[in-house]
Structures are given as structure tokens and as C-alpha cells.
Amino acid sequence: MAKTALVTGITGQDGSYLTELLLEKGYTVHGLIRRASSFNTGRIDHLFQDPHEHGARLFLHYCDITDAANLIRLLNEIEPDELYHLAAQSHVRVSFDQPVYTGETTGLGTTRILESLRAVGSAAKYYQASSSEMFGKVLEVPQKETTPFYPRSPYGCAKVYAYWMTVNYRESYKMYASNGILFNHESPRRDARFVTRKITRAVAHIRAGLQDKLYLGNLDSKRDWGYAKDYVEAMWLMLQQDEPDDYVVATGETHSVREFLVKSFEHVGLKWEDYVEFDERYMRPAEVDLLIGDASKAREKLGWQPTVTFDGLVALMVDADIRLLEDQQKGVLGEVRGTREFG
Ligand code: NAP
Ligand code: F7E
């Protein structure tokens, strides 16, 4: 029988790719969205365009993860087979400005969902969006499932709490609850306040003569960057196993922000030094200097592997931003955005 999935954070980068994957696999998908003062479903609007295909199996519900009563009511109504909990205040820099709110959503949001599942007696398999930010000031290189955590931000601390609550509910209540410890993953759908998309979007605008300068913070930090579409497949694979477990998902390569910058500008034949300036505002009170993951367990047990290289990711994102800008200049996007009324 076709399965039903519930996705929190469906309007985000990962939520949109995961929803596409689940719909392609024949799932009925329910997504939680929060009320915003303007449309926030831009990443999933296209899925409603064919109402007889994917659109007929996709349903959206208003629910903030700070609202436990709403969560319990929806779990009773939807009765999901699988629950992918992706909703979070996910920006590390912002978490220093909003540490309490980040704890409420990214940390306690997870407990609210786990406790709601327990309250309704749900047997849904649960996926927790854990993060390489938990490794922070790394105690081992490369980082794997057994590497101790040392978070360096309110976001990292909240994710460590959520990680352990997931393990605790698994052990205490025999719930099927798995942590995906995902390293940075990017795409053309990445919000432009994260460094990769900030760079590729700027490259497209500078190339078109619409922007003079790009202001950035620390260029020396190194990240293990993969492609988001590959990573949502790992999420799904984790919930298809007989037993719940925790998995690192990463490419096994690390590159500095500066390398991402150089490659992005080179891709369109420009020199980054002519455009990039330092801005103190983008520095963090504490930085994560180096992340590089060892995804051997995911490769062996899940049969998962990344398909996009670092160079491929840069090219894919810069090209997509160039196309997006050209479409915006032709006015094409205005017709798509905001066509789906909701509420
Ligand atoms: P994202 O693009 O920032 O999406 C976050 C989602 O959470 C959005 O749908 C957002 O809704 C929703 N959300 C935020 N606060 C909420 C609240 N209070 N109630 C309900 N929904 C709320 O993040 P992402 O990159 O897709 O990442 C997905 C998850 O994986 C997050 O938990 C993130 O922390 C984690 N993660 C990400 C990475 C990465 O590299 N991308 C790596 C490891 C872990 P709006 O659209 O309304 O803002
Ligand atoms: O920063 C440096 C910054 O914000 C990467 C989230 O998805 O991945 C993400 O967190 C690096 C940092 O991502 C700017 O200091 C320089 O060293 O793109 P980011 P992040 O902090 O690694 C993890 C795995 C998550 O779980 C998170 O949810 O880039 N950097 N200049 C800058 N970063 C930003 N945002 N903006 C700059 O101007």
C-alpha cells in the first residue's frame, strides 16, 4: 500500500527536494507550513501545477513547531507512516542573535514532535535532521558517527540536544527514530543568506552588471559541501531500514570558502579579488574551522553515495543563478510565483 509521509520544514531547501522524491515514489505527502506575511511556498509551488499527478497527493497544513496542540491534532488526522522532521531555525550566524528562539525551535521543537508521536501512540518512523555543526571544534578528523560533539553556536547546541532526545526516545520508548548527521549540502534552492548561494547569486548579478561588490566574512573556514538532492535520498534510505540508527552523510572532501569563491568567479571568467570585500558583520563569535565527514557507514549500510563533485556543485549553482536572473529579467518568474493561493 502507498505510504503517507509527514514533512516538517517542507518549504525549505531539503523539504522541497525530499517532497519531490517521496511523490515520485508514490507517497502521499503532508507538509507543515507556517503562516508568514507573504508567500513562503515558492520552493514547492511547482508541485501543484499538475493537479492530477503529484499535486493530488500533496497536502499542506498550518503548524508552527512551537505549537504542540496543533501537532497532536495533525498527527491524529494524518497518521503518517514516516515523519521527516526538517523544520528548524537553521542559520548558524542568526542563532547567535536569537539563541532562545533557536533553542525553542531547533531544540525543543524536536522534543515536541517526539512527545506528540508518543502521546498519540504513533508507530511512524522518525527522521531527525541532525547536523555536522554538532562536531563544531572538531575532536577528530574526519568526523564520523562516534566522534564526540563540541558545538560552537546556539544552533549547534540546540542540534546536539535534539540529537540526544532522538536517541533517548529510541531507547526509552522503542521508537523507530534515526539521526541523519548531514554535512553542508547546497543547491540552487539554498537560501541566499548561506555562503554558497550568496556567492553564486552575486556572481550572476555581477556578471550582468547589476552588482558591484560582494561583502563576506571569514574565507578560511572549510566545509564538506554536497548536493542537497543527493542528501534527501539518504534521509529516505535511513527510514527504509529494519532498525533505526544514526548516520553521517558527507562527501569526504573539504574546501575553504575562498576555494568556493575562486571557482565560482572563474566559472564566468571573472577575478573574485576585483569584487569581494570583507565585512565584520558576517563574522561569528565562535567559528567552526574545519568539517570533513566520513560517510563509510551510510555507504555500506544504506548503499548511499554522493553524485555531484565540488566543481560540479559550483558550476550547477552558478549556472542556475544565471538562468534565474535571465528569467527574472524576461519577467517569466512573475507568472509562476504566487499563483498558488493558500488560506
Ligand atoms: P531551511 O531551508 O532553512 O528550511 C527550514 C524549514 O523550517 C523551512 O521550511 C522553515 O519554514 C521551517 N521552519 C523554521 N522555523 C519553523 C517553525 N517555528 N515552525 C515551523 N516551521 C519552521 O533548511 P534546510 O537547509 O532545508 O535544512 C533542513 C533541516 O536540516 C534543518 O533542520 C537544518 O537545520 C538541517 N540541516 C541542514 C543542513 C544543510 O546543509 N542544509 C545540514 C545539516 C542539517 P519557512 O520556509 O516558513 O521559513
Ligand atoms: O557558512 C562563512 C561562515 O552560513 C559557511 C547550515 O545549513 O550548514 C550550514 O551552516 C561558512 C562559515 O553555513 C559569510 O563563517 C563567510 O564558516 O553557509 P554558512 P554553516 O554555518 O556551515 C550546517 C551543516 C547546518 O546544519 C546549518 O543549518 O561560511 N562565511 N562569509 C559566511 N557565511 C555566511 N552565511 N555569510 C557570509 O557572508
Side-chain angles (χ1 to χ4, degrees), residues 7-19 31-44 61-67 70-71 84-95 101-102 104-106 108-110 112-113 127-136 151-153 155-156 158-159 162-163 179-187 189-199 202 214-228 231-232 235 248-250 256-258 260-261 276-284 286-291 293:
V7 180
T8 76
I10 194 169
T11 54
Q13 169 189 259
D14 291 4
S16 67
Y17 285 120
L18 177 66
T19 299
L32 304 189
I33 65 167
R34 54 182 177 166
R35 197 270 156 181
S37 67
S38 52
F39 288 109
N40 60 355
T41 52
R43 292 188 180 100
I44 49 172
H61 310 266
Y62 282 119
C63 183
D64 197 288
I65 44 165
T66 54
D67 185 346
N70 199 359
L71 280 172
Y84 297 86
H85 176 42
L86 310 181
Q89 190 303 91
S90 71
H91 201 285
V92 174
R93 174 68 193 83
V94 171
S95 80
Y101 175 73
T102 302
E104 268 298 339
T105 52
T106 308
L108 275 175
T110 296
R112 272 187 212 97
I113 297 208
Y127 173 84
Q128 169 61 23
S130 287
S131 165
S132 52
E133 279 295 301
M134 301 189 302
F135 297 122
R152 293 274 278 174
S153 64
Y155 170 81
K159 283 287 183 188
Y163 170 95
N179 280 291
I181 308 173
L182 272 50
F183 282 61
N184 297 54
H185 46 280
E186 318 292 315
S187 75
R189 293 187 198 166
R190 186 64 141 154
D191 180 66
R193 285 164 288 191
F194 295 100
V195 78
T196 55
R197 183 80 200 289
K198 183 172 174 180
I199 293 170
L214 167 61
Y215 295 95
L216 293 172
N218 178 19
L219 305 186
D220 295 324
S221 56
K222 297 177 107 179
R223 292 289 182 274
D224 180 330
W225 278 298
Y227 180 38
Y231 285 44
V232 300
M235 295 178 187
V248 158
V249 178
S256 65
V257 174
R258 185 177 282 97
F260 196 98
L261 197 55
V276 175
E277 289 194 5
F278 174 73
D279 190 328
E280 177 72 32
R281 276 182 306 166
Y282 301 113
M283 297 297 282
R284 293 157 188 205
E287 179 63 282
V288 171
D289 295 322
L290 165 73
L291 289 174

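Atoms within each ligand, like the ligands themselves, are counted from 1 in listed order.
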Without hydrogens or angle criteria, can the side chains of Q89 and T105 be said to hold a donor-acceptor pair below 3.5 Å?
no

Any atoms of ligand 2 less than 4.0 Å from a non-hydrogen atom of S131? List them with their elements.
23 (C), 24 (C), 25 (C), 26 (O)

So the atoms of ligand 2 within less than 4.0 Å of a heavy atom of Y282 turn out to be 37 (C), 38 (O)

Would L182 count as being in polar contact with ligand 1, using the rule that some N or O on each side must be under 3.5 angstrom apart?
no

Nearest non-hydrogen protein atom to atom 14 (C) of ligand 2, with distance, is V195 CG2, 3.6 Å

Got an N/O contact under 3.5 Å between S90 and ligand 2?
yes

Can a non-hydrogen atom of R197 be found less than 4.0 Å from any atom of ligand 2?
no

For ligand 2, is there an N or O atom under 3.5 Å from any N or O atom of W225?
no

Classify the contact between K198 and ligand 2 as side chain, backbone, both or neither, using a heavy-atom distance cut-off of under 4.0 Å.
side chain

With a heavy-atom distance limit of 4.0 Å, tell me whether R190 approaches ligand 1 through its side chain, its backbone, both, or neither.
side chain

Does D224 use its side chain to pair, donor to acceptor, with the backbone of G293 at less than 3.5 Å?
yes

Ligand 2 atoms nearer than 4.0 angstrom to some heavy atom of N218 are 2 (C), 16 (C), 30 (N), 31 (N)

Between K159 and ligand 1, which part of the residue brings a heavy atom under 4.0 Å of the ligand: side chain, backbone, both or neither?
side chain

With a 4.0 Å heavy-atom cut-off (strictly under), which part of A228 contacts ligand 1: side chain, backbone, both or neither?
neither

Atom 10 (O) of ligand 2: of V92, I199, D14, D289, the nearest heavy atom sits on V92

Using a strict threshold of under 4.0 Å (side-chain N to carboxylate O), is an ion pair present between E186 and R223?
no

I'd like to check which ligand 1 atoms, numbered from 1 as shown, lie under 4.0 Å from a non-hydrogen atom of N184.
40 (O)

Please identify which atoms of ligand 1 are closer than 4.0 Å to at least one heavy atom of Q13.
2 (O), 25 (O), 26 (O), 41 (N)

For atom 21 (O) of ligand 2, the option (of R284, K159, H91, R93) bearing the nearest heavy atom
R284

Looking only at non-hydrogen atoms, which of R223, H185, M134 approaches atom 12 (C) of ligand 2 most closely?
R223

Does a donor on one side chain and an acceptor on the other come within less than 3.5 Å for S16 and R189?
yes

E287 heavy atoms within 4.0 Å reach ligand 2 at atoms 3 (C), 12 (C), 15 (O), 17 (O)

For residues E287 and N218, is any side-chain donor paired with an opposing acceptor at under 3.5 Å?
yes

Output yes when the distance from some N or O of ligand 2 to some N or O of V257 is under 3.5 Å, and no in every other case.
no

What residue and heavy atom of the protein are closest to atom 4 (O) of ligand 1, and at what distance?
G12 CA, 3.4 Å

T11 OG1 to I44 CD1 distance, which is reported to the nearest 0.5 Å
6.5 Å

If we ignore angles and hydrogens, is there a donor and acceptor under 3.5 Å between the side chains of N70 and H61?
no

For ligand 1, is there an atom lying under 4.0 Å from some heavy atom of Y101?
yes

So if I count the atoms of ligand 1 from 1 in the order they appear, which ones are less than 4.0 Å from some heavy atom of N40?
47 (O)

How close does the nearest protein non-hydrogen atom get to atom 11 (C) of ligand 2, and which residue and atom is it?
S221 OG, 3.7 Å

Which is it for Y231 and ligand 1 at heavy atoms under 4.0 Å: side chain, backbone, both or neither?
neither

Audit row: D191, R197, salt bridge (Lys or Arg N to Asp or Glu O under 4.0 Å) steps and yes/no:
CA-CA 7 Å; D191 180 66; R197 183 80 200 289; over 6 Å; no

For G217 and ligand 2, does the shortest N/O to N/O distance drop below 3.5 Å?
yes

Going by the closest heavy atom to atom 30 (O) of ligand 1, which one wins out of S130, S95, A129?
A129

Using a 4.0 Å heavy-atom threshold (strictly under), name the region of T105 that reaches ligand 1: side chain, backbone, both or neither.
side chain

For Y155, counting its heavy atoms only, list the atoms of ligand 2 lying under 4.0 Å from any of them.
25 (C), 26 (O), 27 (C), 28 (O)

Mark up the atoms of ligand 1 that fall under 4.0 Å of a heavy atom belonging to C63, in ascending order.
20 (C)

Between S131 and K159, what is the shortest heavy-atom contact and its length?
CB-CG, 4.3 Å

Answer side chain, backbone, both or neither: which part of R34 comes under 4.0 Å from ligand 1, heavy atoms only.
side chain

